[in-house]
Amino acid sequence: MDFPILETERLILRQLTHNDAKDLFEYFSLDIVMEYYDLATFVKLEEAEEVIEHFNTEFKNKKGYRWAIELKEEKKVIGTCGYHNWFHEHFKAEIGYELNPKFWQKAYMTEAIKPILAFGFNEMNLHRVEAFIDPANISSEKLLLSTGFQKEGTMRDFFFEKGKFVDATIFGLLKE
């Protein structure tokens with residue numbers, strides 16, 4: 001199966017390639033981006049190559065999709081967005097995303113997430129999309145609420161990340 005390419009006014013959403021490692025490393029190497037991410041801040045380019053390989057293996061094994069968010073004009077990858085923890089038998093998956101801080105507050109993630117949600121409901125046959133975020137991640141909460149998700153609650157010490165237990169606020173979106 002070919003990886004689906006989605007397009008918006010300003011973005012091309014496509015499969016990640018090893019050529020994107022430099023663009024990913026540019027922001028995965030920033031503490032501000034990794035603050036709420038369950039990985040340590042990247043220190044070498046190989047880590048970006050490994051995360052690309054991981055995302056593509058998840059696709060190959062029918063466990064998820066992770067799109068590169070590429071700016072049409074500049075042919076630059078500014079983030080990724082997609083599905084993981086895809087439970088086919090329960091018709092649900094978890095959505096995740098991150099964006100280069102140079103492009104924060106410009107509605108790029110909102111623009112990217114809409115066709116990705118449509119793809120999930122229409123092509124992946126999802127009934128439910130979930131997102132788990134750190135309760136302190138206000139920008140992520142605003143993004144989810146603005147794209148139709150409902151806040152469903154906070155689970156205490158839900159994840160063990162970077163040596164400590166952290167809470168997670170769960171958001172859900174049902175196919176209408």
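Quick caveat: nothing in here was measured; it's all calculated off a predicted structure. Positions are given from 1, in the same order as the sequence printed here.
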For [X] and [Y], which heavy atoms make the closest approach, and how far apart are they?
| X | Y | answer |
| --- | --- | --- |
| L117 | T147 | CD1-O, 4.2 Å |
| A48 | L24 | CB-CB, 4.2 Å |
| Q105 | S139 | NE2-OG, 4.1 Å |
| F121 | R128 | CE2-N, 4.2 Å |
| P101 | I32 | CG-CG2, 4.0 Å |
| Y83 | A93 | CD2-CB, 3.9 Å |

Just distance, no hydrogens or angles: give the donor-acceptor pairs under 3.5 Å from side chains in residues 159-174, sequence neighbours left out.
| unit_1 | atom_1 | unit_2 | atom_2 | d |
| --- | --- | --- | --- | --- |
| K162 | NZ | M34 | O | 2.4 |
| K162 | NZ | Y37 | O | 2.8 |
| K162 | NZ | L39 | O | 3.2 |
| D167 | OD1 | D157 | N | 2.8 |
| T169 | OG1 | T154 | OG1 | 3.1 |

Kindly check if the number of other-residue, nucleotide or ligand heavy atoms within 6.0 Å of [atom1] ([X]) is above 12?
| X | atom1 | answer |
| --- | --- | --- |
| K62 | NZ | no |
| E9 | CD | no |
| Q150 | CD | no |

Determine yes or no for a side-chain-to-main-chain donor-acceptor pair under 3.5 angstrom, with [X] supplying the side chain and [Y] the backbone.
| X | Y | value |
| --- | --- | --- |
| S140 | N137 | no |
| K72 | T8 | yes |
| W67 | P4 | yes |
| E47 | V43 | yes |
| N61 | K63 | no |
| Y108 | L99 | no |

State whether a side-chain donor-acceptor pair under 3.5 Å links E94 with H84.
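There is such a pair between these side chains.
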Is there a donor in the side chain of Y27 and an acceptor in the side chain of E98, or the other way round, less than 3.5 Å apart?
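Short answer, yes.
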Salt bridge or not for [X] and [Y], using N-O below 4.0 Å?
| X | Y | value |
| --- | --- | --- |
| E26 | K76 | yes |
| K75 | D20 | no |
| E130 | K151 | no |
| E111 | K106 | no |

Spacing of [atom1] belonging to [X] relative to [atom2] belonging to [Y], to within rounding of 0.5 Å:
| X | Y | atom1 | atom2 | answer |
| --- | --- | --- | --- | --- |
| L143 | I113 | CG | CD1 | 4.5 Å |
| E53 | T57 | CD | OG1 | 4.5 Å |
| T17 | Q15 | OG1 | CD | 8.5 Å |

Let me check something: do [X] and [Y] share a hydrophobic cluster, defined by ILVMFWY side-chain heavy atoms less than 4.5 Å apart, either directly or through other members?
| X | Y | value |
| --- | --- | --- |
| F132 | I116 | no |
| L71 | V77 | yes |
| I78 | Y36 | no |
| F149 | F119 | yes |

Checking K92 against F87: charged group under 6.0 Å from the ring centre and within 45 degrees of the axis?
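Yes, cation above the ring, under 6.0 Å and within 45°.
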Would you kindly check if the NZ (Lys) or CZ (Arg) of R66 is within the cone defined by 45 degrees around the ring axis of F59 and under 6.0 Å from the six-membered ring centre?
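Negative - R66 is either too far from the ring of F59 or too far off its axis.
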Are the side chains of D31 and E35 in contact, using a 4.5 Å heavy-atom criterion?
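They are not in contact (no side-chain heavy atoms under 4.5 Å apart), so the answer is no.
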